[in-house]
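The structure appears right after this line, and notes come after that.
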Amino acid sequence: MTISDPTARPDPLHSLHELLAAMDAEIEQVYIERGIEGVRPRFAYPMIRLAHTGPLTIRELAKSLGRSHSAISQTVAAMRKAGLVTSEPGPDARTRRIDLTDRGRSLVPFLEAEWRATHSTVAELDSEVPYAMTAVVEEVRRALERRSMRQRILHHLTEPPR
């Protein structure tokens with residue numbers, strides 16, 4: 001018995017991943033058109049937060065943004081490489097305090113303006129489509145609170161014989 005390749009079927013999340021990547025690419029293009037090189041859209045949230053809070057550890061920054069420690073650690077490494085943040089030893093040997101560089105700080109007013117413009121753009125898009133994207137995301141989140149993705153996968157999972 002031959003089992004067909006499950007990846008031959010379309011990935012149901014592919015279009016969502018593509019849409020998010022395309023939106024990020026468009027935001028990044030705005031940065032490039034303004035002469036802001038080396039800044040990724042994913043940097044805006046932590047940079048704006050650091051501008052308002054002052055230095056934070058990676059754990060504190062991740063918690064304040066509702067992101068995982070791993071994701072913020074990777075983002076901070078990329079921001080440090082781009083010269084946007086510094087990373088100094090924290091209160092103990094295991095922590096690092098993250099702060100904006102002068103370059104990073106100088107970009108925050110533009111990033112805040114872009115952040116507000118992006119929020120306005122999402123609201124505009126929500127008004128143009130029959131099912132507001134923000135409402136759909138919230139409904140999916142609620143459905144996953146009722147029954148998690150893991151539970152749903154396990155319900156459909158048929159493990160191969162050993």
Side-chain angles (χ1 to χ4, degrees), residues 6-85 98-157:
T7 63
R9 294 176 53 194
D11 175 358
L13 296 176
H14 179 76
S15 60
L16 178 59
H17 290 296
E18 264 190 345
L19 176 62
L20 292 173
M23 291 168 82
D24 268 356
E26 294 275 346
I27 294 169
E28 190 169 359
Q29 190 60 41
V30 170
Y31 298 167
I32 292 167
E33 289 170 1
R34 296 299 188 281
I36 301 171
E37 300 285 336
V39 177
R40 306 288 315 239
R42 69 185 171 123
F43 298 172
Y45 198 13
M47 288 177 65
I48 293 168
R49 181 59 49 88
L50 287 168
H52 289 272
T53 63
L56 295 172
T57 65
I58 291 176
R59 185 167 312 286
E60 291 167 338
L61 183 57
K63 184 177 180 184
S64 79
L65 300 175
R67 302 287 195 267
S68 72
H69 182 278
S70 175
I72 292 301
S73 183
Q74 291 173 14
T75 298
V76 164
M79 291 189 313
R80 192 172 61 240
K81 186 176 179 182
L84 302 169
V85 297
I98 309 307
D99 197 8
L100 293 170
T101 62
D102 289 342
R103 177 176 183 247
R105 200 168 284 102
S106 74
L107 296 173
V108 169
F110 173 78
L111 294 175
E112 287 179 335
E114 175 271 312
W115 186 272
R116 289 181 186 99
T118 297
H119 278 240
S120 294
T121 299
V122 170
E124 179 182 284
L125 286 168
D126 275 354
S127 73
E128 289 181 27
V129 295
Y131 306 103
M133 142 173 81
T134 54
V136 170
V137 168
E138 184 59 24
E139 289 299 319
V140 170
R141 188 191 61 72
R142 282 192 207 127
L144 290 173
E145 282 179 354
R146 289 189 298 274
R147 189 162 157 237
S148 74
M149 187 74 166
R150 181 185 144 279
Q151 291 170 321
R152 292 166 189 268
I153 290 169
L154 290 173
H155 175 78
H156 292 281
L157 183 64

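- Between Arg142 and Glu139, at least one side-chain nitrogen of the basic residue sits less than 4.0 Å from a carboxylate oxygen of the acidic one, meeting the salt-bridge criterion.
- The CD1 atom of Ile48 sits 10.5 Å away from the CG atom of Leu107 when rounded to the nearest 0.5 Å.
- No side-chain donor-acceptor contact under 3.5 Å links Arg67 to the backbone of Ile72.
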Next item on the list: Report the C-alpha distance between Leu144 and Arg152 in whole Å, list the side-chain angles of each, state the deciding distance to 0.1 Å, and finish with yes or no for side-chain contact (heavy atoms from CB on, under 4.5 Å).
Entry: CA-CA 9 Å; Leu144 290 173; Arg152 292 166 189 268; 3.9 Å; yes
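- The two residues Gly38 and Ala82 make their nearest non-hydrogen contact at O-CB, 3.6 Å.
- The environment of Glu26 atom CD is sparse: at most 12 non-hydrogen atoms of other residues, nucleotides or ligands sit within 6.0 angstrom.
- Within a 6.0 Å sphere centred on CZ of Arg42, other residues, nucleotides and ligands contribute more than 12 heavy atoms.
- Within the 4.5 Å cutoff, the side chain of Glu114 has heavy atoms near those of the Ile27 side chain.
- Residue Glu124 holds its CD atom at 14.5 Å from NE2 of His119, rounded to the nearest 0.5 Å.
- When all heavy atoms of Trp115 and Ala44 are compared, the closest pair comes out as CE3-CB, 4.3 Å.
- More than 12 heavy-atom neighbours from other residues, nucleotides or ligands sit within 6.0 angstrom of CZ on Arg105.
- Between Leu84 atom CG and Met47 atom CE the span is 4.5 Å, to the nearest 0.5 Å.
- Atom-to-atom distance recorded for Ser120:OG and Leu125:CG is 11.0 Å, nearest 0.5 angstrom.
- With sequence neighbours left out, Glu128 forms a salt bridge (Lys or Arg N to Asp or Glu O under 4.0 Å) with no residue at all.
- The backbone N or O of His69 sits nowhere less than 3.5 Å from a side-chain atom of Ser73 that would complete a donor-acceptor pair.
- A distance of 10.5 Å separates CZ in Arg34 from CD in Gln29, rounded to the nearest 0.5 Å.
- Although no hydrogens or angles enter the test, the distance criterion places a donor-acceptor pair under 3.5 Å between the side chain of Ser106 and the main chain of Arg103.
- A pairwise comparison of heavy atoms in Leu56 and Ser64 identifies CD1-OG, 4.3 Å as the closest pair.
- Side chains of Val76 and Pro46 form no contact here, defined as non-hydrogen atoms less than 4.5 Å apart.
- The shortest non-hydrogen separation linking Gly83 to Thr101 is O-OG1, 2.7 Å.
- Here the side chains of Arg147 and His155 are in contact, with some heavy-atom distance below 4.5 Å.
- Within 6.0 Å of atom CZ in Arg141, more than 12 heavy atoms from other residues, nucleotides or ligands are found, so the atom counts as buried in its surroundings.
- Interatomic distance, Thr53 OG1 to Ile98 CD1, rounded to the nearest 0.5 Å: 11.0 Å.
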